[in-house]
Protein chains: 2
Amino acid sequence: MRIRVEEAIRKLGYSPDPAASALASKVTYNIGLLLPSLTNTVFEDVLEGIYQGSEDTRFFIQIGDTRYSALKEEALIGTFLRQKPAGLIVTGFEQTEKARGMLAGAHCPVVQIMDFGEPPIDMSVGFDHEAAGYAAARHLIECGYRTPGAVGARLDSRSRRRLDGFRKACQEVGLWDEHRMVITPQSSSVGLGRHLLEELLSRDQSVDAVFCNNDDLGIGALMEARRRLISVPEQLGICSFHDMEMTQHMYPALTAIATPRFQIGKMAIDMLLAEIEEPHSVKRRNIDTGFKLVVRDSTRRAG
Amino acid sequence: MRIRVEEAIRKLGYSPDPAASALASKVTYNIGLLLPSLTNTVFEDVLEGIYQGSEDTRFFIQIGDTRYSALKEEALIGTFLRQKPAGLIVTGFEQTEKARGMLAGAHCPVVQIMDFGEPPIDMSVGFDHEAAGYAAARHLIECGYRTPGAVGARLDSRSRRRLDGFRKACQEVGLWDEHRMVITPQSSSVGLGRHLLEELLSRDQSVDAVFCNNDDLGIGALMEARRRLISVPEQLGICSFHDMEMTQHMYPALTAIATPRFQIGKMAIDMLLAEIEEPHSVKRRNIDTGFKLVVRDSTRRAG
DNA sequence: TTGACGAATGATTGCGCAATCATTTATCAC
DNA sequence: GTGATAAATGATTGCGCAATCATTCGTCAA
C-alpha cells in the first residue's frame, strides 16, 4: 500500500503544499534567523555554521536582516512568529521589551547568539565581549605599549562592551586617557579604519598601540600606518577583533582576538534542533564559548 | 465600519495567518533569492541592493544558498516554488535542465542576475564576464606588461569566462602561455591568493603581471608580493576583480575591474517588483550593466 | 472456530483565509 | 417620489493538508 502511494507520488510529481501543511498543523519547518547585518563578514561564518548544521535536515533557514535596528528586529520577530517557525535564532540580548515578550511567549525554542552574560530568554551561545576587550588591552600592556588607544564603529551594545573592557584594563594600570577612544556610529569599513587611525593620531601623537573593534578597522589602520611610514609593531601595535581569514595574511600579520563564529552558529543550530526534536532535552542552555587571543607580528615587538 | 474593524484588529492584536492566506490565494509575499554563496563578499553588495529595493514593501526576501551546486539549486527552486513565491531571483544561467523547466513554468516573474549573454528564462541583469576578463588583459598589455599570468579559484562558469576573455586578449597579441594560468577548484580566500601567486611564480619566474579572478585572490597576491619583496607595480602588476571596498585601501591600491553589484541587486528587485505589480510591464528584460576598469597604483608603472 | 487485540486503512472535520456570490444600503437623475 | 446604478456589507465555499475518529483487516491464543 505504502509502495503504491509512493509510486503515485513519483508518477504525478506530487509534493505537499507547505501552506496547507502549516495551516493544518500550526507548525512549519522554517527556522528564523535574525542577524543585524548580512554585509558584515562577522556573520558570514555564523551563517556557515548554521547552514552546515542544518544541511540534510528538513528544516529551512529563513534569514532576516535587522540592520542593527531593534525596531526592525521587533517587526521581523512578529513576521517570523506569524509563520509558526520550528525555531528561532536571534542576535544578542538587546531586543525591545515587546520583542522579548513575543519571544518568551513563542511556541518554539529560541537561541540568542553572539553574546554571553545575561540570562537568555530560552537558550544562548556566545562570549563575553567585555572580557574580550579586556584581554586585548592586557595583551598590549604586556607587550610594553604604554599609550594605548582604541577605535570603534557601529556601536551596538556588544561593540561598546568590548571597548568598555578595553578601557577598564587600561585604567587599572593607569594608562588610560579617554581622548584616545575614537568612536563613530558609521558602519565599519577599511576606509573608515584608516580614517579613525588618522583621527586618533591627530588627537594624540604619542599613541603607540591601537585596539580595533573589528577586522575591517584593523586592516584599515594597518594600511594607514603603512602609508604614513609608521612601523608596525615597533612604533604602533595593532590588535584587531574577530580574526577573519584575511587578517593572518596581512603584512605584517595582525594580532587579533579570534571569536568562534562558526562554532557559535553550529552550536546554536544544534541546540535548536535538539530542542525541537525533544523539548527540554537540552541541558546546557547558556553557553560561554570564550575567545582566543592570537598573537601575530602586529604586536610582536623586538625586546 | 472600516474604522470599527481596524480598532478591533488593534485591540485584539489580530494579525492574519500567512499560511491560510497562501492557501486561499495561491500566492505569498515571499521573494526567493538564490545565491551560490553567502560567505562570498561579492554577493553582500547584491543583497544590499535587493534589500534596499524591497524595504518598506510588503515583500519578504527569502534567501537560499546553493553552495555553487546546480543540484542544490534545483532542490531549492523546487522548495521555493512550492511556497508560491511572488517572484524569484536566481544567480546565473547554469541551471539544470529540470530547474530551467521549473522556472519557465513558474507562475511568477524570474530574474537571473550576475551574467549577461544568453537569453534569459524571463528577465536578466548582469554583465559580460568574458568582456570583463578581456578588458583586464588589455589594460595590463597597455601598461606594458609582457608576461601576463592569471589566477582563479572556485571555477563556476562566470569565473571561467573571465579567464577565457583574459586568455583571448593575451593570445591576440601573442603574449600567452597556458602555463601562466593557475586555477584551482578550491574556494577563494586571501591565503589562497598568496598560494596561487607562489605557484604562478614557480611555474614562470618572468611573470610581470597577474590578473586575479576576484578580490580575495588579488589582496592575497599583493601580500605575497610584499612578503617576497617583489615591487608592485614595477616588477609585478596586479589587476583584481570586483573591486570591493577594501581594494582601494590596500597599499599600493589595487587596480580592479569594478562590477556593479549593488546596482545589479537593485535593478533586479525593481524589475521583479514592477513585473509582480503589473505583468509584462517591464520592457527591457535583458540588461547589460557593463563594468568599469578602475586604474590604481598596482598597475601604474612609471614610464 | 471464536474472540480479542493491534495494526492498517478509510472517512470526516476544521485550520483561517480569499474569492465569489447574494443581499442590502446609499447615491443620483429624472 | 421612482427607478436605476453603484457601493457597501453579509453569507458561503473551498484551498490542501493534519488530526481525529470509525472501520476493516490480519494475527494469535484458547
Side-chain angles (χ1 to χ4, degrees), chain A residues 1-32 54 57-62 64 75-88 101-103 105-109 272-273 275-280, chain B residues 1-32 54 57-62 64 75-88 101-103 105-109 272-273 275-280:
Chain A
M1 179 62 188
R2 165 162 224 95
I3 293 165
R4 279 168 53 206
V5 171
E6 279 173 356
E7 213 158 285
I9 288 176
R10 234 188 329 281
K11 195 151 54 186
L12 299 171
Y14 166 88
S15 64
D17 181 332
S21 167
L23 183 59
S25 71
K26 295 178 182 299
V27 72
T28 65
Y29 290 128
N30 293 339
I31 290 175
S54 66
T57 68
R58 56 199 186 296
F59 294 98
F60 183 81
I61 304 297
Q62 225 174 354
L76 278 169
I77 288 173
T79 303
F80 277 176
L81 287 180
R82 241 166 274 143
Q83 307 197 17
K84 299 150 189 161
L88 232 41
M102 290 195 284
L103 290 176
H107 295 293
C108 68
L272 199 64
L273 291 180
E275 193 73 8
I276 290 168
E277 188 70 32
E278 179 65 40
H280 312 296
Chain B
M1 180 60 186
R2 167 163 224 95
I3 293 166
R4 279 168 52 205
V5 171
E6 279 172 356
E7 212 157 285
I9 288 176
R10 232 189 332 280
K11 195 151 55 188
L12 298 171
Y14 166 89
S15 64
D17 181 332
S21 167
L23 183 60
S25 71
K26 295 177 182 302
V27 73
T28 64
Y29 289 128
N30 293 340
I31 290 175
S54 66
T57 70
R58 55 198 186 294
F59 294 98
F60 183 81
I61 305 297
Q62 225 172 356
L76 278 169
I77 289 172
T79 302
F80 277 176
L81 286 180
R82 241 165 276 143
Q83 307 197 16
K84 299 149 189 161
L88 231 42
M102 290 195 285
L103 290 176
H107 296 292
C108 68
L272 199 63
L273 291 180
E275 193 73 9
I276 290 168
E277 187 70 32
E278 178 65 42
H280 311 297

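Note: hydrogens, waters and symmetry copies are ignored here, and every other heavy atom, side chains too, is used. First the proteins, then the strands, lettered A, B, ... as listed; each starts at 1.
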Mind checking whether [X] and [Y] have side chains closer than 4.5 Å, heavy atoms only?
| X | Y | answer |
| --- | --- | --- |
| B:H107 | B:K84 | no |
| A:F59 | A:L272 | no |
| B:L76 | A:F60 | yes |
| B:E277 | B:L273 | no |
| B:I276 | B:Y29 | no |

Report, one pair per line, the protein and nucleotides 23-25 of chain C atoms (nitrogen or oxygen only) whose separation is under 3.5 Å.
none

Looking at five pairs on each end of the helix from C:dT1-D:dA30 to C:dC30-D:dG1, what is the angle between the two axes, given to 10 degrees?
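Terminal axis comparison yields 30°.
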Compare every heavy atom of [Y] with every heavy atom of [X], then report the nearest pair and how far apart it is.
| X | Y | answer |
| --- | --- | --- |
| A:H280 | A:E275 | N-OE2, 2.8 Å |
| B:G32 | B:P85 | N-CB, 4.4 Å |
| A:R82 | B:P16 | CD-O, 3.5 Å |
| B:V27 | B:A86 | CG2-CA, 4.5 Å |

Would you tabulate the pairs of protein nitrogen or oxygen atoms and nucleotide nitrogen or oxygen atoms of nucleotides 14-19 of chain C closer than 3.5 angstrom?
residue : atom : partner : partner atom : Å
C:dC15  : O3'  : A:K26   : NZ           : 3.4
C:dG16  : OP1  : A:K26   : NZ           : 3.3
C:dC17  : OP1  : B:Y14   : OH           : 2.6
C:dC17  : OP1  : B:D17   : N            : 3.1
C:dC17  : OP2  : B:Y14   : OH           : 3.4
C:dC17  : O5'  : B:Y14   : OH           : 3.3

From A:L81 atom CG to A:M102 atom CE, the distance as rounded to the nearest 0.5 Å
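Taking CG in A:L81 and CE in A:M102, the distance rounds to 6.5 Å.
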